[in-house]
Structure formats: C-alpha cells, structure tokens
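Here the structure is laid out as structure tokens; the discussion comes afterwards.
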Amino acid sequence: MTATTTRPPTAPPSHTPLRSRRRWATALTAYGYMSPTLLVMLVMMAVPVAMVFTYSTLSNVIMERDPEFVGVRNYLTLLSDPIFQRAMGQTLIFTFTSVAFHLLLGLAFALMLNSALLPRVVSSLLRVVYILPWVFTASIVVILWQLLLNPNGVVNFVLETMNLITTKVEWFSNPGLALGTVIFINIWAGYPFFMISLLAGLQGIPSDLYEAAAIDGAGWRARLFSITIPQLMPIILAMAMLDFIWNLQQFPIIFLATGGGPLNATETVATYTYNLAFSKREFALASASGIILFLMSAIVALFYVRRQKARD
C-alpha cells in the first residue's frame with residue numbers, strides 16, 4: 001500500500017495589477033474626453049468664485065490701490081445691516097411663495113390639460129396659451145405688467161368698473177403692495193415650467209393604476225393623493241429644489257420692475273448685491289453678499305445632487 005501525498009491547491013495567478021492598469025487607462029481616457037469641459041468650468045466658474053471670495057476678505061477692492069486683509073469684517077458688517085437683514089427676509093418670502101404657487105398652478109393646469117374630458121384641439125390650443133409667459137423674456141414680462149398695472153391701466157379700470165376700488169392703485173410704488181406685485185409677476189412668468197414638466201409626468205403614469213382604482217371605488221380625490229401625487233413626487237421634489245435655487249437668485253424681474261424699491265420694499269439679496277457694487281461702489285461688501293447668496297444656493301444644490309444620486 002503506497003501513501004499518496006496531496007498537494008495544496010495552488011492559487012490562480014493574480015491579475016490585480018493588470019486590472020488596476022486597465023481601470024486607470026479607462027479613467028484617464030474618460031477624463032481626457034471631459035478635459036475641455038472641465039477646463040471651461042474651472043476658468044468660468046471656479047476661478048471667479050475664488051476671486052470673489054478673496055475680494056470679500058479685503059477692504060474695498062478696485063476702489064483702493066492696495067486693499068488690506070480684513071477677514072470676516074465685511075460679513076459682520078453685512079449681517080448687522082438692517083437693509084441686508086430685510087433683503088434676506090424678503091428673499092426667502094419671495095422664493096418660498098414663488099415655488100409654492102409655481103407648483104400649485106403648474107399641477108392644476110397640467111391636470112386640466114391631461115384630462116380626457118378636454119377635446120384634443122382645445123388642449124393643444126390651451127398649451128400654446130399657457131406656455132407663453134415662459135417664452136417671454138424678463139424685460140417683455142415686466143413691460144407687459146407695468147402697462148397692465150399702471151394707475152391708468154387695464155387692471156385698475158376693471159377694478160373700478162366692478163366697484164372693488166375707489167382710487168387708482170399704485171401697484172409698483174406703494175411699499176405695501178410692491179413686493180406682492182413682483183411676486184405675482186414672477187409666479188405668472190414661471191409656472192409654465194412646472195406645468196410642462198408635470199404634464200409629461202402625468203402622461204407617463206400607467207392607465208392601469210387608475211382603472212384598478214376606479215374598480216375599487218376610489219374617487220378623484222383618492223386617485224389624486226394615492227396615485228397621481230406619489231407617482232409625480234420625484235419630479236416635484238427635483239423641480240422644487242431647482243426652482244428654489246433659481247428664485248433665490250432672481251434678479252431681472254425685480255430689478256426691471258422696481259429696482260429694489262420703493263424704500264427697499266422689494267430689496268432682495270440679488271438686488272442688494274448689485275446696488276452695493278454698481279451704485280455705492282462697495283465691491284468688497286458686494287463680494288461678501290454674493291458669497292452669502294452663493295452658499296445659500298449651494299446648500300440647496302447639494303440636497304438636489306444627493307437626491308438625484310439616491311434616485312439613480
């Protein structure tokens with residue numbers, strides 16, 4: 001009887017270095033194709049942001065030959081400025097109100113246009129009409145509403161005819177009405193973006209879900225909150241965060257309509273920053289104000305990116 005010896009199994013040859021080199025080659029190839037875009041983003045975005053941040057830590061740049069490093073003094077000056085505090089509050093009011101009404105109006109019009117009760121010809125015509133505010137530029141939107149809301153304009157004439165007002169209303173020059181007027185114009189100009197996006201989402205919801213709900217006896221309200229809203233929730237969240245960022249930085253409509261007045265009644269961080277830089281020539285303070293607005297937008301953008309990654 002002969003004894004047999006068993007050899008331990010030999011491990012397969014390792015290909016880790018080869019795989020690592022292939023991964024590096026793939027990554028370098030990808031970054032090579034992306035390098036023109038990355039270079040443009042670096043020059044057009046990263047460098048200006050870094051320069052503005054540097055300016056915000058100096059004394060009044062551009063206006064002084066040798067500005068001094070002052071650290072966070074510009075930020076403390078801004079935070080203690082009552083006008084900046086008011087602009088910050090009005091920015092948040094403007095942003096939250098605009099986003100909320102953009103969503104509500106966009107969803108309402110999208111549901112109407114997606115209804116089977118509406119003839120196709122009428123639906124197509126209404127789509128063209130409802131999307132017009134989004135097609136107009138900010139200057140056209142403001143000029144249009146300045147004509148309509150003029151003290152001798154159509155809106156006051158209709159209100160007087162209906163005996164709702166006794167004197168002509170100064171919609172833009174009245175400090176108590178100016179902010180609400182600007183918010184209304186911004187809502188009118190921005191709701192079509194939500195309408196079109198939500199309409200596309202509605203058309204992507206399977207009809208089988210509504211048929212099953214109808215068989216179970218669910219009414220329109222139950223179908224809305226049990227099927228429609230949950231199915232649209234990813235679109236709603238993504239659009240709400242994007243719209244929040246856009247309205248946080250809204251400048252053209254406010255500046256063209258009121259310039260931040262009257263008596264700072266419509267002043268937002270964007271118009272406050274512009275007035276600091278180009279009216280008062282306080283470029284360092286304007287840089288600090290711009291950085292604060294940038295950080296507010298970046299926080300929301302971070303949540304948006306993380307939401308998109310989680311969704312993917």
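None of these values were measured; they are calculated from a predicted model.
Taking CG from L113 and CG from L199, the interatomic distance works out to 6.0 Å, rounded to the nearest 0.5 Å. S297 contributes atom OG, which lies 4.5 Å from atom CG of L248 (distance to the nearest 0.5 angstrom). In this structure, OG1 on T268 lies 12.0 Å from CD1 on I93, to the nearest 0.5 angstrom. With rounding to the nearest 0.5 Å, the separation of OG1 in T181 from CH2 in W145 is 10.0 Å. Rounding to the nearest 0.5 Å places CG of L78 at 5.0 Å from CD1 of I292. In this structure, CZ in F84 is found 6.0 Å from CG in L79, a value given to the nearest 0.5 Å.
In this structure, S56 contributes its side chain and S287 its backbone to no donor-acceptor pair below 3.5 Å. For S289 (side chain) and L285 (main-chain N/O), no donor-acceptor pair under 3.5 Å exists by modelled atom type. Remark: the backbone N or O of R120 is not paired with any side-chain donor or acceptor of S123 at under 3.5 angstrom. Checked by atom type and distance alone, the side chain of T54 pairs as donor or acceptor with a backbone atom of A50 at under 3.5 Å. Using a distance-only test at 3.5 Å, with no hydrogens or angles considered, a donor-acceptor pair links the side chain of N156 to the main chain of P151. D81 contributes a side-chain N or O that, together with a main-chain N or O of I83, makes up a donor-acceptor pair within less than 3.5 Å. Judged purely by atom type and a 3.5 angstrom limit, R223 uses its side chain to pair as donor or acceptor with the backbone of A218. Panel note: side chain Y191, backbone Y130; a donor-acceptor pair is recorded below 3.5 Å.
Under a cut-off of 6.0 angstrom, the local environment of OH in Y55 is sparse, with at most 12 non-hydrogen atoms contributed by other residues, nucleotides or ligands. Summarising the local packing, CD of Q203 is surrounded by more than 12 heavy atoms from other residues, nucleotides or ligands at distances under 6.0 Å. The number of heavy-atom neighbours closer than 6.0 Å to CE of M41, taken from other residues, nucleotides and ligands shown, is 12 or below. The neighbour count for F53 CZ, taken as heavy atoms of other residues, nucleotides or ligands under 6.0 Å away, does not exceed 12. By the neighbour-count criterion of 12 heavy atoms within 6.0 Å, atom CZ of F193 is densely surrounded, having more than that number from other residues, nucleotides or ligands.
Of all non-hydrogen atoms in T161 and F157, the two that sit nearest each other are OG1-O, 2.7 Å. When all heavy atoms of A284 and S59 are compared, the closest pair comes out as CB-O, 3.6 Å. Here the closest non-hydrogen pair linking V182 and A257 is CG2-CB, 4.3 Å. Minimum heavy-atom separation, G106 to L198: C-CD1, 3.9 Å. Annotation for L179 and A265: closest pair CB-O, 3.7 Å, computed over non-hydrogen atoms. Closest of all the heavy-atom pairs between L58 and P67 is CB-CB, 4.2 Å.
Between L144 and I185, the closest side-chain pair of non-hydrogen atoms is not below 4.5 Å. With contacts defined as side-chain heavy-atom distances shorter than 4.5 Å, the pair V141/W188 qualifies. Contact of the I254 side chain with the F94 side chain is registered, since non-hydrogen atoms from C-beta on lie closer than 4.5 Å. Side-chain contact between L105 and M195 is absent, with no heavy-atom pair separated by less than 4.5 Å. Using a 4.5 Å heavy-atom threshold, the side chains of R127 and I196 count as separate. The shortest distance between side-chain heavy atoms of W134 and I131 falls below 4.5 Å. Between I291 and Y75, the closest side-chain pair of non-hydrogen atoms falls below 4.5 Å.
A single hydrophobic cluster is seen to contain both I227 and I229, as judged by linkage of ILVMFWY side chains at heavy-atom distances under 4.5 Å, directly or through other members. Hydrophobic clustering places L149 together with M162 (ILVMFWY residues linked when any side-chain heavy atoms are closer than 4.5 Å, directly or through intermediates). A single hydrophobic cluster is seen to contain both V122 and L111, as judged by linkage of ILVMFWY side chains at heavy-atom distances under 4.5 Å, directly or through other members. One hydrophobic cluster holds both F283 and V47 under the rule that ILVMFWY side chains link at heavy-atom gaps under 4.5 Å. F225 is connected to I205 through a chain of hydrophobic side-chain contacts under 4.5 Å among Ile, Leu, Val, Met, Phe, Trp and Tyr, so both are in one cluster.
Listed by first then second residue, pairs satisfying side-chain hydrogen bond (donor to acceptor under 3.5 Å, both in side chains) with a partner in residues 85-107 read R86-Q90, S98-N186, H102-D243, not counting sequence neighbours.
Judged as a side-chain hydrogen bond (donor to acceptor under 3.5 Å, both in side chains), and not counting sequence neighbours, the contacts of T228 are Y210. Judged as a side-chain contact (heavy atoms from CB on, under 4.5 Å), and not counting sequence neighbours, the contacts of L76 are V72.
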Exercise for the section: Take M296 and Q249 through the side chain to side chain contact (heavy atoms under 4.5 Å, CB included) test and state the conclusion after the steps. Expected result: CA-CA 10 Å; M296 293 170 63; Q249 304 174 5; over 6 Å; no
Problem - I143 vs F136, side chain to side chain contact (heavy atoms under 4.5 Å, CB included): CA-CA, chis, key distance, verdict - result: CA-CA 11 Å; I143 291 173; F136 295 151; over 6 Å; no
Exercise for the section: Given side chain to side chain contact (heavy atoms under 4.5 Å, CB included), test M112 with L126 step by step and report yes or no. Expected result: CA-CA 10 Å; M112 184 188 69; L126 290 178; 4.0 Å; yes
Practice task
Before giving the answer on side chain to side chain contact (heavy atoms under 4.5 Å, CB included), spell out for M63 and E282 the whole-Å C-alpha distance, their side-chain angles and the decisive distance to 0.1 Å.
Solution key: CA-CA 8 Å; M63 303 303 294; E282 295 286 350; over 6 Å; no
Exercise for the section: Tell me, with the steps shown, if E267 and N275 meet side chain to side chain donor-acceptor pair (under 3.5 Å). Expected result: CA-CA 10 Å; E267 193 82 272; N275 291 326; 3.3 Å; yes
Exercise for the section: Evaluate ring-ring contact (aromatic ring centres under 6.0 Å, His included) for Y274 paired with F251, printing each intermediate quantity in order. Expected result: CA-CA 9 Å; Y274 178 89; F251 174 78; 5.2 Å; yes
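Remark: aromatic rings of F244 and F96 are close, center separation under 6.0 Å.
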